[in-house]
Structures are given as structure tokens and as C-alpha cells.
Chemist: 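What follows is a single structure, and I will ask about it in a moment.
Within every chain, numbering begins at 1; the chains are lettered A, B, ... in the order of the sequence lines, protein sequences first and strands thereafter. Here the structure is a predicted model, which means the values were calculated and not measured.
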There are 2 protein chains.
Amino acid sequence: MTQMQDRRRAEAWLQSGGVRPTRPRMLLAALLVGDGRHRHVTAESLVDAVKDSGEKVAVATVYNTLKAFSDAGLLREITVNGTRSYFDTDTSNHAHFYWEDTGELADAGNDGAEHQIAVSNLPPAPSGTEISKVDVVIRLRRT
Amino acid sequence: MTQMQDRRRAEAWLQSGGVRPTRPRMLLAALLVGDGRHRHVTAESLVDAVKDSGEKVAVATVYNTLKAFSDAGLLREITVNGTRSYFDTDTSNHAHFYWEDTGELADAGNDGAEHQIAVSNLPPAPSGTEISKVDVVIRLRRT
DNA sequence: TTAAGTGCAAATTATTTGCAGTAAG
DNA sequence: CTTACTGCAAATAATTTGCACTTAA
């Protein structure tokens with residue numbers, strides 16, 4: 001029942017990105033958006049989720065698929081740390097908290113409207129270019 | 001004459017960070033801040049600059065030194081791209097343009113006061129943490 | 001049937017580390 | 001003196017790539 005809904009959402013999601021629903025992609029899509037919630041993943045965390053699901057997908061395929069999903073606009077890649085790429089199922093412009101010690105990443109300011117971050121007075125894109133996205137990362141350290 | 005000024009600035013800079021002025025550090029400092037201007041470098045670009053200067057510093061030392069300078073608060077590390085770290089001699093919070101195709105990094109909105117980017121309504125740092133810095137990266141693609 | 005996708009292992013790339021010398025305070 | 005720094009080579013770690021199958025359309 002939940003499985004069924006997950007598959008339905010996953011399939012619709014892939015379709016909305018114009019991505020062919022292969023077996024590995026369906027599984028990854030279900031793990032990413034099956035429950036209808038947004039999440040942040042790394043290649044590693046997704047590989048672990050695959051393991052936990054009992055299915056098998058090659059590590060390289062996880063990497064390639066994350067990139068394919070990002071290219072299709074289904075995921076947003078977030079670079080906070082030279083050694084690991086994060087992917088967010090929420091592709092809108094929104095700020096993130098990043099814990100420098102643990103490497104945890106979370107949405108910032110989604111605890112109600114009063115803390116909606118605003119970036120104002122953006123300079124115009126240099127001629128010959130356009131803004132593809134604006135990343136705002138609030139780096140945190142333990143006190 | 002210029003060389004002399006460069007050395008003077010480099011030494012003062014190291015001193016302000018409480019970093020011991022060794023031969024490699026003096027050279028790298030001179031390349032980084034000798035002319036009194038701010039710049040963005042990568043380990044690779046700095047290695048090249050060392051070569052051009054006619055001096056020799058081990059690649060590992062360039063990496064270690066960039067990290068040491070960052071730890072001392074003399075440089076600000078900027079992560080825009082999983083595969084390369086950038087270092088900015090301007091350690092203040094300020095936004096950057098990043099060209100996705102060439103990997104070029106530049107200050108944004110420093111063309112006068114009218115385009116001073118403002119990030120407002122920052123959410124409070126989660127308890128037990130404090131904000132170490134806020135990174136704003138405006139990613140550009142060619143049109 | 002055919003272009004795209006997958007699995008696996010090997011390759012790549014930026015960066016880090018171990019360790020034997022060197023040098024700064 | 002003695003603790004930190006440097007150079008070099010080898011080690012890491014995340015990611016990418018090459019290539020022989022598969023599979024979706």
C-alpha cells in the first residue's frame with residue numbers, strides 16, 4: 001500500500017523530469033521522493049538506503065543517476081564541502097544550515113514565515129551570463 | 001622596491017595571523033597579499049604562481065599552508081565546486097559570482113554601493129551552535 | 001532494433017598523510 | 001635545543017570512466 005504509493009510518486013516524478021523509468025531509477029526515485037517529503041542525500045547515504053531496502057544498485061549507477069536527476073532538474077546539487085556532494089529534492093532557492101563538524105545539512109528558516117531568508121539587492125548577472133541559481137549556506141559550529 | 005614592499009606586507013600579514021614566517025610562507029604570502037589587493041586562488045593557481053616566480057615550494061606545502069592560513073583567519077575558504085577549493089584573501093562575508101563553465105570565481109556586487117547584496121532575516125542558529133560564516137554564491141551560466 | 005542505461009573494475013583528481021630532514025624561536 | 005615546518009612520495013576518498021551486457025521505447 002505504502003509501497004504502491006511510493007512507486008506511483010516515483011514514477012510521476014521521473015516522468016516530470018523526462019527521465020526513463022528504469023529499475024534502478026525507480027528504486028532511487030522511490031527512496032528520494034516516495035514518501036512525498038523533501039530530503040537531503042549524499043551518494044553514500046543513498047547507497048546505504050539502497051542496501052537497507054534489500055535491493056541492489058551499483059555504486060557508479062547511484063552517482064550517475066544522481067547526476068542525471070540533477071541535469072533533469074529533479075534534484076538540486078548543493079556544494080558545501082569539497083569532499084562530498086549533497087542533493088536536495090527541493091529544487092527551489094532556499095538557504096541551508098551546514099554543521100561543519102558533522103557534515104549535516106538541513107533547510108534553514110523553514111520553521112515558519114518569520115525566518116524566511118531574503119537575499120536582496122542581487123547584482124545583475126555579468127553580460128553574456130544569467131543566474132542559474134543562488135546558494136546560501138549558513139555554516140554552523142558548536143559553541 | 002616592489003619586492004621590498006611585497007615582503008613587508010607579507011610579513012605583516014603573517015604576523016597578524018600569528019603564523020611563523022618561514023621561507024615558503026613568506027613567498028606564498030607575498031604572492032597572495034604582496035600587492036595589497038584581494039584575490040581568489042586555488043592550490044593549483046598558487047602552485048603555478050610559485051613556478052612563475054622562479055622559486056620552489058612543494059605542492060603538499062602549498063596545500064598545508066593554505067589550510068594553515070585559513071585556520072589562522074588570514075584566508076577564507078570558499079567551496080563552490082566539489083573538485084576544487086578556492087581561497088579568498090578577503091575574509092569578510094561577501095557574495096561571489098561563480099561561472100559554472102570555466103570555474104572562475106569573482107566578487108559579486110563590488111561595483112559600487114548600489115549592488116551591495118544583503119541577506120536579511122537570517123534564522124537564529126540552532127541551539128548549541130553559532131554561525132561561523134554565511135556563504136552566498138551566485139552561479140552563472142552563459143546565455 | 002537501437003540508443004540509452006547498468007554493473008563492475010580500473011582510472012582519475014584533488015587533497016592528505018607519514019616520515020626523515022631542516023629551521024625558527 | 002626542541003617543536004614546528006618542509007619536501008617528497010605514497011596513500012586516500014569521492015567520483016568518473018571504459019566497456020561488455022541489458023533493457024526500454
Chemist: Measure the distance from CG on A/D71 to P on C/dA4 and round it to the nearest whole Å.
Modeler: 15 Å
Chemist: Given A/L32, which of A/L27, A/L74, A/L75 fulfils the side chain to side chain contact (heavy atoms under 4.5 Å, CB included) condition?
Modeler: A/L75
Chemist: C/dT6 C1' sits how many Å from A/F69 CZ, rounded?
Modeler: 13 Å
Chemist: Which whole-number value in Å describes the distance from B/N81 CG to C/dT13 C1'?
Modeler: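 Spelled out: CG on B/N81 to C1' on C/dT13 is 12 Å.
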Chemist: Can you list everything that forms a side-chain hydrogen bond (donor to acceptor under 3.5 Å, both in side chains) with B/D48? Sequence neighbours excluded, please.
Modeler: none
Chemist: I'd like to check the salt bridge (charged side-chain N to carboxylate O under 4.0 Å, His left out) partners of A/E130; sequence neighbours left out, ordered by chain and number.
Modeler: B/R141
Chemist: Can you sort out the partners of B/R142 under side-chain hydrogen bond (donor to acceptor under 3.5 Å, both in side chains), two or more places apart, ordered by chain and number?
Modeler: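 Scan of B/R142 (side-chain hydrogen bond (donor to acceptor under 3.5 Å, both in side chains), adjacent residues dropped) gives B/D101.
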Chemist: Just jot down the side-chain hydrogen bond (donor to acceptor under 3.5 Å, both in side chains) partners of A/T65, sequence neighbours excluded, or say none.
Modeler: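 Checked A/T65 against side-chain hydrogen bond (donor to acceptor under 3.5 Å, both in side chains); zero matches.
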Chemist: Would you mind reading off the distance between A/L14 atom CG and C/dG5 atom C1', rounded to a whole angstrom?
Modeler: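 Rounding to the nearest Å, CG of A/L14 and C1' of C/dG5 are 13 Å apart.
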Chemist: Could you tell me how far apart B/L27 (CG) and D/dC5 (C1') are, to the nearest whole angstrom?
Modeler: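 Taking atom C1' of D/dC5 as the reference, CG of B/L27 is at 15 Å.
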Chemist: Only pairs at least two apart or in different chains count here, so list each ring pair (Phe, Tyr, Trp, His ring centres under 6.0 Å) that has a residue in residues 2-48 of chain B.
Modeler: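 Every pair satisfying ring pair (Phe, Tyr, Trp, His ring centres under 6.0 Å) with a residue in residues 2-48 of chain B: B/W13-B/F69, B/H40-B/H96.
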Chemist: In the 5'-to-3' direction, what one-character label does each nucleotide of nucleotides 11-25 of chain D receive under the scheme B = base within less than 4.0 Å of a protein heavy atom, S = sugar-phosphate only, - = no such atom?
Modeler: ---SBBB-------S
Chemist: Quick one: side-chain hydrogen bond (donor to acceptor under 3.5 Å, both in side chains) partners of A/R76, sequence neighbours excluded?
Modeler: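 Here the qualifying residues are A/N93, A/D135.
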Chemist: Which residues pass the side chain to side chain contact (heavy atoms under 4.5 Å, CB included) test with A/P126, not counting sequence neighbours?
Modeler: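 Side chain to side chain contact (heavy atoms under 4.5 Å, CB included) check on A/P126 returns A/T129, B/F97, B/W99, B/L140.
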Chemist: Let me test you: for the helix from C/dT1-D/dA25 to C/dG25-D/dC1, what is the angle between the axes at its two ends (five pairs each), rounded to 10 degrees?
Modeler: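 It works out to 40° between the end axes.
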Chemist: Expressed as a whole number of angstroms, how long is the span from B/L66:CG to D/dT6:P?
Modeler: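 Roughly 12 Å, once rounded to whole Å.
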